[in-house]
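Below you'll find the structure, written out as structure tokens, and then a few comments.
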Amino acid sequence: MNIKISDRLNKLPPYLFVEIDRAKTKARQAGKDIIDLGVGDPDQPPPKFIIEALCQAVQDPNIHRYAFDTGQPEFRRSIAAWYKNRFGVDLDPDTEVLPLIGSKEGIAHMPLAFVNPGDTVLVPEPCYPPYKSGSIFAGADIEIMPLLEENSFLPNISKVKKAKKAKLMFVNYPNNPTSAVAGLDFFNKVVEFAQRNNIIVCHDAAYSEINYDGYKPDSFLTADGAKEVAVEFHSLSKTFNMTGWRVGFACGNAKIIAGLAKVKSNIDSGIFNAIQQAGAIALNTKSDHIEKINRMYQERRDALVDGLNSIGWKVSKPKATFYVWARVPKGHDSMKLAGRLLEEADIVATPGVGFGASGEGFIRMTLTVPVERLKEAVRRIGEII
Ligand code: PLP
């Protein structure tokens, strides 16, 4: 039989992290002491009270059945309460909140709900890859909004060419991979642009809780009129070190939420109920967990950035996210530099170009390894570059 993959799959760029994982596994199998600054996956476990909540929840004999597609009401209520407390935004837990099997799932499915083949989706670049792949699956025409250093890694929306054909746009602050942050003035401009052109805004706030030096990101939904045009994606992954649990949520405009829920009800059958119960406890419980992980990442950030600067790189300290977006030293391109780091220094880092052509000239390093390993990474880099 002649098995052929679909045109839509053929259109996808290679999923960068899979490629990097392959190279990393090969190097590890060859016995190398790899320092992995590649994938953004917290190295610490979730706090004990969340693990205990899950252990208790799975004891209930009735909890193992299919979950509601739209999530347990109790979990939705805990999301709305957390949101009000953290951002001061009111959400109706029944119509404006939708639990997701990780925010990636919702982000990738979103265009299927609102984009027809040939419609335009506005995608920032460099970017988290599912903005592009989800749009390609929906048959969209992608217009890239480059995130340039001279614009503080914010898209210049006045330069968008196909605003009238665009149905949806992705925005992401605090940003992966650039670690840039955005304020309300920028969010207000995006809302005004979206209202004028009838574009749905999907703001990805997966890193809103990872922040330093007293900086606290705003929710996109605090912008004037945002709820008329936008939904925001959140994740328990980075906030509570729960990446493997697969739990996140979308919230905001009820019609947009309903569209995404309709796609999902045809594809998945919800998040395991025990995870939703533990997720509700994660959001409802006052603890010092977030302050603790932020202190830890901040110490790592300082070790890596100060270290790189001490060997002649020019890197600034991010205010949020656990990524360092470093301009590659003169004479290198990002792919070659990442290749040299892996081959000559046993360090995995992600070339900026892997997040799209606009990422060229930078390399992304994560803060998900201990300070001592980051210092060792700097030492090794200093020896070869
Ligand atoms: N959004 C951004 C910008 C990310 O970097 C990630 C994960 O790395 C996600 C969303 C997805 O997180 P999850 O699917 O675990 O909620």
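Everything quoted here is computed from the prediction, not taken from an experiment. As the structure lists them, so they are numbered: ligands from 1, and atoms in each ligand from 1.
- Salt-bridge check for Glu143 with Lys165: failed, with every basic side-chain N at 4.0 Å or more from each acidic carboxylate O.
- When hydrogens are left out, the protein atom nearest atom 1 (N) of ligand 1 is Asp204 OD2, 2.6 Å; that is the closest non-hydrogen contact.
- Using cut-offs of 30° and 60° on the angle between ring planes, the pair His203 and Tyr173 is parallel.
- Relative to the ring axis of Tyr215, Lys319 places its NZ or CZ within 45° and under 6.0 Å from the centre.
- Between atom 16 (O) of ligand 1 and the options Gly248, Ala205, Ser235, the minimum heavy-atom separation is to Ser235.
- When Lys238, His234, Lys104 are ranked by how near their heavy atoms come to atom 7 (C) of ligand 1, first place goes to Lys238.
- Heavy atoms of Tyr207 approach ligand 1 to within less than 4.0 angstrom.
- Any N or O atom pair closer than 3.5 Å counts here, and Tyr131 shares no such pair with ligand 1.
- Protein heavy atom at the shortest distance from atom 14 (O) of ligand 1 is Arg246 NH2, 2.7 Å.
- Ring orientation note: the planes of Phe249 and Tyr83 are nearly perpendicular, at an angle over 60° on the 30°/60° scale.
- Of the charged side-chain nitrogens involved, at least one lies within less than 4.0 Å of a carboxylate oxygen, so that Arg300 and Asp43 count as a salt-bridged pair.
- Of all protein heavy atoms, the one lying nearest to atom 15 (O) of ligand 1 is Ser237 OG, 2.5 Å.
- The closest non-hydrogen atom to atom 13 (P) of ligand 1, taken over Gly244, Ser103, Cys127, comes from Ser103.
- With a heavy-atom cut-off of 4.0 Å, Asn172 touches ligand 1 through its side chain alone.
- Contact annotation: Thr243 has no heavy atom less than 4.0 Å from any atom of ligand 1.
- Near Asn176, the atoms of ligand 1 lying under 4.0 angstrom from a non-hydrogen atom of the residue are 3 (C), 4 (C), 5 (O).
- Side-chain atoms of Asp213 and Gln298 form a donor-acceptor pair, as typed in the model, at a separation below 3.5 Å.
- Counted by atom type alone, Gln195 and Glu228 present one or more donor-acceptor pairs between their side chains at under 3.5 Å.
- Atom numbering of ligand 1 starts at 1 in the shown order; those under 4.0 Å from a heavy atom of Gly102 are 14 (O), 16 (O).
- Under the 30°/60° scheme for interplanar angles, the aromatic rings of Trp82 and His234 are found to stand perpendicular.
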